[in-house]
Amino acid sequence: MLNPAAQAAERMRAAGSAMTEQGSQLGLTILSQAEANTQEAFRAMRAAAQASDVNEVMKIQSDYMREQGARSMAQAREVGELIANFGRNAIGQMTGRG
């Protein structure tokens with residue numbers, strides 16, 4: 001059986017390892033979101049370039065802005081949830097409850 005100091009050190013090591021893995025997951029999530037945002041921006045630019053008149057361009061821009069706003073809110077929520085989960089997991093591991 002490990003003494004309390006060794007147990008605490010082991011919990012800190014495990015928490016550090018988990019935080020590294022979770023940080024990678026967060027980075028990949030943000031990268032995926034940026035990629036999706038870029039693809040949607042280019043999709044809108046292509047549509048605007050092929051538009052037949054200014055009214056169609058304005059509609060495309062308006063639709064893009066509305067959709068991007070919704071996408072941004074969903075992405076922020078996803079990242080916030082990941083960060084909150086990481087924090088809960090780290091505290092649980094450090095306290096031996098995770």
Side-chain angles (χ1 to χ4, degrees):
M1 182 151 203
L2 295 175
N3 66 41
Q7 288 175 338
E10 177 57 26
R11 284 194 302 265
M12 290 293 286
R13 186 203 60 74
S17 177
M19 288 172 61
T20 299
E21 182 180 317
Q22 292 167 346
S24 293
Q25 182 183 357
L26 178 62
L28 289 173
T29 297
I30 292 170
L31 186 58
S32 292
Q33 290 176 351
E35 182 179 19
N37 292 340
T38 301
Q39 288 173 343
E40 288 302 316
F42 276 100
R43 184 195 60 73
M45 286 188 283
R46 276 190 201 95
Q50 295 171 352
S52 58
D53 60 35
V54 173
N55 288 332
E56 189 176 351
V57 170
M58 297 300 285
K59 181 182 181 327
I60 291 166
Q61 287 179 333
S62 176
D63 291 347
Y64 171 77
M65 294 301 290
R66 184 182 63 254
E67 291 165 4
Q68 182 58 40
R71 197 170 23 259
S72 292
M73 291 297 292
Q75 290 169 346
R77 189 171 23 260
E78 180 182 17
V79 168
E81 289 171 4
L82 283 173
I83 291 169
N85 287 336
F86 297 164
R88 282 191 290 274
N89 291 340
I91 290 171
Q93 287 182 343
M94 284 194 236
T95 61
R97 298 180 188 150

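Basis for what follows: all heavy atoms, side chains included, without hydrogens, waters or symmetry-related copies. Numbers here simply count residues along the sequence, with the first being 1.
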Report task. State which residues pass side-chain hydrogen bond (donor to acceptor under 3.5 Å, both in side chains) with D63; sequence neighbours excluded, sorted by chain then number. Result -> K59, R66
Query raised in the report: Any luck finding a side-chain donor-acceptor pair between Q68 and S72 under 3.5 Å?
Result: yes
Please examine the side chains of [Y] and [X], heavy atoms only from C-beta on, and report whether any two atoms are closer than 4.5 Å.
{"X": "E35", "Y": "Q39", "answer": "yes"}
{"X": "Y64", "Y": "R71", "answer": "yes"}
{"X": "Q25", "Y": "L28", "answer": "no"}

Report task. Look at the side-chain heavy atoms of Ile, Leu, Val, Met, Phe, Trp and Tyr, link any pair under 4.5 Å apart, and say whether M65 and V57 land in one connected group. Result -> no
Report summary line: Exactly one candidate in I83, N85, N89 meets side-chain contact (heavy atoms from CB on, under 4.5 Å) with Q22; the answer is N89
Query raised in the report: Considering all heavy atoms of both residues, which atom of A51 and which atom of I60 are nearest to each other, and what is their separation?
Result: CB-CD1, 4.2 Å
Report task. Could you tell me which non-hydrogen atom of E78 sits nearest to which non-hydrogen atom of Q33, and how far apart they are? Result -> OE1-NE2, 2.8 Å
Report task. May I ask you to decide if M58's main-chain N or O and S62's side chain share a donor-acceptor pair within less than 3.5 Å? Result -> no
